S.K.: 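The structure's right below; bear with me while I get my questions together.
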Protein chains: 2
Amino acid sequence: MDTSERLIESTRALLWERGYVGTSPKAIQQRAGAGQGSMYHHFSGKPDLALAAIRRTAEEMRALAERQFSGPGTVLERISAYLLREREVLKGCPVGRLTQDPDVVADPDLRRPVDETFAWLRDRLAGLLAEGRDRGELDAALDPAATAATVVAVLQGGYVLARAADSDEPFRQAVRGVLGLLEAHAR
Amino acid sequence: MDTSERLIESTRALLWERGYVGTSPKAIQQRAGAGQGSMYHHFSGKPDLALAAIRRTAEEMRALAERQFSGPGTVLERISAYLLREREVLKGCPVGRLTQDPDVVADPDLRRPVDETFAWLRDRLAGLLAEGRDRGELDAALDPAATAATVVAVLQGGYVLARAADSDEPFRQAVRGVLGLLEAHAR
DNA sequence: GTCTATAATCGGATAGAC
DNA sequence: GTCTATCCGATTATAGAC
């Protein structure tokens with residue numbers, strides 16, 4: 001792995017653990033095993049490096065979700081698989097986390113990948129739910145777009161509850177709860 | 001308002017806007033119109049001041065929720081009123097926000113009020129849902145604890161989606177979605 | 001109680017040698 | 001490309017005068 005690559009990966013890890021405000025160029029360099037000159041040669045500064053890191057993390061998250069969405073089974077089974085997938089719950093969502101960073105939200109370039117990721121997620125889930133409805137797998141009364149937003153919010157909020165409790169239990173409860181509600185719409 | 005009070009209020013505002021890591025004693029002092037000596041006279045340091053601020057914010061959040069929970073109407077109407085209450089969506093939740101702050105989560109004293117607030121919220125909602133079930137307002141199949149966690153998670157995740165999109169629309173969609181799912185259980 | 005002075009360290013970046 | 005030196009303001013306090 002070359003230096004530029006190590007810098008990006010080191011930034012990804014630190015953004016996840018500490019956020020944008022809590023991540024210093026010095027910390028990035030130390031974790032990457034690179035000097036200052038090296039970092040400022042490859043990137044124009046902290047925002048530039050963060051942009052590269054955020055873009056990669058966002059892409060990875062979409063790819064991971066797509067694996068479950070395009071898997072086998074009914075729509076509800078696929079959404080279920082997505083919700084129940086193995087996650088590092090206590091670490092939180094590496095993308096959702098960024099929305100609490102004022103400097104990320106204030107910078108259109110940094111916010112864009114975050115925005116696009118959640119927009120894509122909601123849209124993809126809404127499509128699945130509409131598909132399930134059209135196939136008769138799901139109740140016709142169910143609003144695909146609103147329900148999709150609910151599903152994504154349950155995950156993001158689940159992370160919040162888990163970190164507050166220092167336990168993944170509330171996350172699992174929230175997921176169980178929304179699955180229970182969804183299953184009542186399947187017959 | 002005396003100096004100590006202004007320092008706490010100033011800290012509350014900054015913790016909401018910038019988080020713990022992003023909030024400096026200097027910024028707190030400036031916003032409170034107080035000098036350094038003043039701050040270190042009333043509080044032992046940043047963590048001490050943050051603790052006072054977090055405790056107050058947590059209490060306020062519980063009091064606000066309790067207003068809706070103990071209001072008039074059926075269980076579902078009260079939960080609906082809570083979910084649809086006026087909120088500064090784009091500012092995010094002043095308590096939930098703190099779960100993304102590594103220094104808050106790592107400090108048991110700072111995390112405790114956050115933990116207690118969400119534990120109380122989930123418990124209170126679970127009680128309401130159980131009450132609704134016992135009264136026959138809600139489907140007996142509904143799991144009170146899991147559903148309560150879902151409801152809280154939808155709010156917390158809704159804030160995340162709204163900040164990502166720089167719009168309160170996804171928040172409202174998520175709330176609409178979970179209300180739709182809940183209403184299907186009421187008959 | 002509040003103020004100013006001082007200090008050690010960090011944050012984010014630039015300059016120029018190698 | 002990478003390194004070291006340097007810069008300047010911010011951070012998080014402590015000390016001691018008023």
Side-chain angles (χ1 to χ4, degrees), chain A residues 1-56 97-98 100-111, chain B residues 1-56 97-98 100-111:
Chain A
M1 199 158 61
D2 68 9
T3 302
S4 167
E5 199 60 22
R6 287 202 319 278
L7 283 165
I8 293 178
E9 287 304 316
S10 146
T11 304
R12 294 219 299 153
L14 284 166
L15 285 182
W16 195 0
E17 289 168 20
R18 311 253 335 145
Y20 185 84
V21 173
T23 295
S24 68
K26 184 177 220 163
I28 293 171
Q29 293 151 23
Q30 286 177 342
R31 189 161 187 147
Q36 289 190 330
S38 203
M39 180 187 128
Y40 285 101
H41 171 73
H42 290 287
F43 300 93
S44 71
K46 178 172 158 174
D48 187 30
L49 190 40
L51 182 57
I54 291 173
R55 279 186 175 147
R56 184 173 297 182
R97 202 233 170 284
L98 300 167
Q100 302 305 322
D101 241 306
D103 293 0
V104 169
V105 173
D107 183 334
D109 291 336
L110 294 180
R111 188 174 61 80
Chain B
M1 200 160 56
D2 68 7
T3 303
S4 167
E5 199 60 23
R6 288 202 319 278
L7 284 165
I8 294 177
E9 287 305 316
S10 146
T11 305
R12 294 218 299 153
L14 285 165
L15 284 181
W16 195 0
E17 289 168 20
R18 311 251 338 142
Y20 184 84
V21 172
T23 294
S24 68
K26 183 177 223 164
I28 293 171
Q29 293 151 22
Q30 286 177 341
R31 190 164 187 144
Q36 289 189 331
S38 204
M39 181 189 128
Y40 285 101
H41 170 75
H42 290 286
F43 300 93
S44 72
K46 178 172 157 174
D48 188 30
L49 189 39
L51 182 57
I54 291 174
R55 278 187 175 147
R56 184 173 298 182
R97 203 232 172 282
L98 300 167
Q100 302 305 322
D101 241 307
D103 293 359
V104 169
V105 174
D107 183 332
D109 291 336
L110 295 180
R111 187 173 62 78

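Throughout, a chain's letter reflects where its sequence line sits, starting with A, and its residues are numbered from 1. All values reported here derive from a predicted model rather than from experimental measurement.
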S.K.: Taking salt bridge (charged side-chain N to carboxylate O under 4.0 Å, His left out) as the test, write out the residues that go with A:Arg12, two or more places apart.
M.R.: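 Result, salt bridge (charged side-chain N to carboxylate O under 4.0 Å, His left out) vs A:Arg12: A:Glu9, A:Glu60.
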
S.K.: Applying salt bridge (charged side-chain N to carboxylate O under 4.0 Å, His left out), name anything that partners A:Asp107, two or more places apart in sequence or on another chain.
M.R.: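 By the salt bridge (charged side-chain N to carboxylate O under 4.0 Å, His left out) rule, A:Asp107 matches no residue at all.
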
S.K.: Please report the shortest heavy-atom distance between B:Ile8 and B:Ala52, naming the atom on each side.
M.R.: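 Taking every non-hydrogen atom into account, CD1-CB, 4.0 Å.
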
S.K.: Please give the angle, rounded to 10 degrees, between the axes at the start and the end of the helix from C:dG1-D:dC18 to C:dC18-D:dG1, where five pairs define each axis.
M.R.: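 That helix has its two terminal axes inclined by roughly 0°.
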
S.K.: Looking at residues 43-56 of chain B, who's got a heavy atom less than 4.0 Å off DNA chain C?
M.R.: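 Heavy-atom cutoff 4.0 Å gives no residues at all.
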
S.K.: Would you give me the side-chain donor-acceptor pairs under 3.5 Å for residues 17-35 of chain A, sequence neighbours excluded?
M.R.:
from: A:Glu17; atom 1: OE1; to: A:Arg31; atom 2: NH1; distance (Å): 3.3
from: A:Glu17; atom 1: OE2; to: A:Arg31; atom 2: NH1; distance (Å): 3.4
from: A:Glu17; atom 1: OE2; to: A:Arg31; atom 2: NH2; distance (Å): 3.1
from: A:Arg18; atom 1: NE; to: A:Gly22; atom 2: O; distance (Å): 3.4
from: A:Arg18; atom 1: NH1; to: B:Asp103; atom 2: OD1; distance (Å): 3.1
from: A:Thr23; atom 1: OG1; to: A:Leu14; atom 2: O; distance (Å): 3.3
from: A:Thr23; atom 1: OG1; to: A:Gly19; atom 2: O; distance (Å): 2.6
from: A:Ser24; atom 1: OG; to: A:Ala27; atom 2: N; distance (Å): 3.1
from: A:Gln29; atom 1: NE2; to: A:Pro25; atom 2: O; distance (Å): 3.3

S.K.: List the protein contact pattern of nucleotides 1-6 of chain C with one symbol per nucleotide (5' to 3'): B for base contact, S for sugar-phosphate-only contact, - for none; contact means a heavy-atom distance under 4.0 Å.
M.R.: BBBBB-

S.K.: Among pairs that include at least one residue of residues 37-52 of chain A, which meet side-chain hydrogen bond (donor to acceptor under 3.5 Å, both in side chains), considering only residues two or more places apart or in two chains?
M.R.: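 Matches after skipping sequence neighbours: none remain.
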
S.K.: I'd like to check the side chain to side chain donor-acceptor pair (under 3.5 Å) partners of B:Glu5; sequence neighbours left out, ordered by chain and number.
M.R.: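 B:Glu5 satisfies side chain to side chain donor-acceptor pair (under 3.5 Å) with B:Arg56 once adjacent residues are dropped.
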
S.K.: Please report the closest heavy-atom contact between B:Gly45 and B:Met39, naming both atoms and the distance.
M.R.: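 Answer, listing the atom of B:Gly45 first, then B:Met39: C-CE, 4.2 Å.
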
S.K.: With side-chain contact (heavy atoms from CB on, under 4.5 Å) as the test, pick out the partner of A:Ile54 among A:Thr11, A:Leu110, A:Asp109.
M.R.: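 Testing A:Ile54 for a side-chain contact (heavy atoms from CB on, under 4.5 Å) against A:Thr11, A:Leu110, A:Asp109 leaves exactly one candidate, A:Leu110.
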
S.K.: For A:Arg6, what residues pass the salt bridge (charged side-chain N to carboxylate O under 4.0 Å, His left out) criterion, not counting sequence neighbours?
M.R.: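 Once residues adjacent in sequence are excluded, A:Arg6 has no partner under the salt bridge (charged side-chain N to carboxylate O under 4.0 Å, His left out) criterion.
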
S.K.: Specify the residues of residues 9-32 of chain B, ordered by number, for which at least one heavy atom lies under 4.0 angstrom from an atom of DNA chain C.
M.R.: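 Residues of residues 9-32 of chain B that come under 4.0 Å of DNA chain C do not exist, since none gets that close.
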
S.K.: Can you list the steps and then say if B:Leu51 with B:Phe43 is a side-chain contact (heavy atoms from CB on, under 4.5 Å)?
M.R.: CA-CA 10 Å; B:Leu51 182 57; B:Phe43 300 93; over 6 Å; no

S.K.: Roughly how far apart are A:Ser10 OG and A:Leu49 CG, rounded to 0.5 Å?
M.R.: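 One finds 7.5 Å between OG of A:Ser10 and CG of A:Leu49.
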
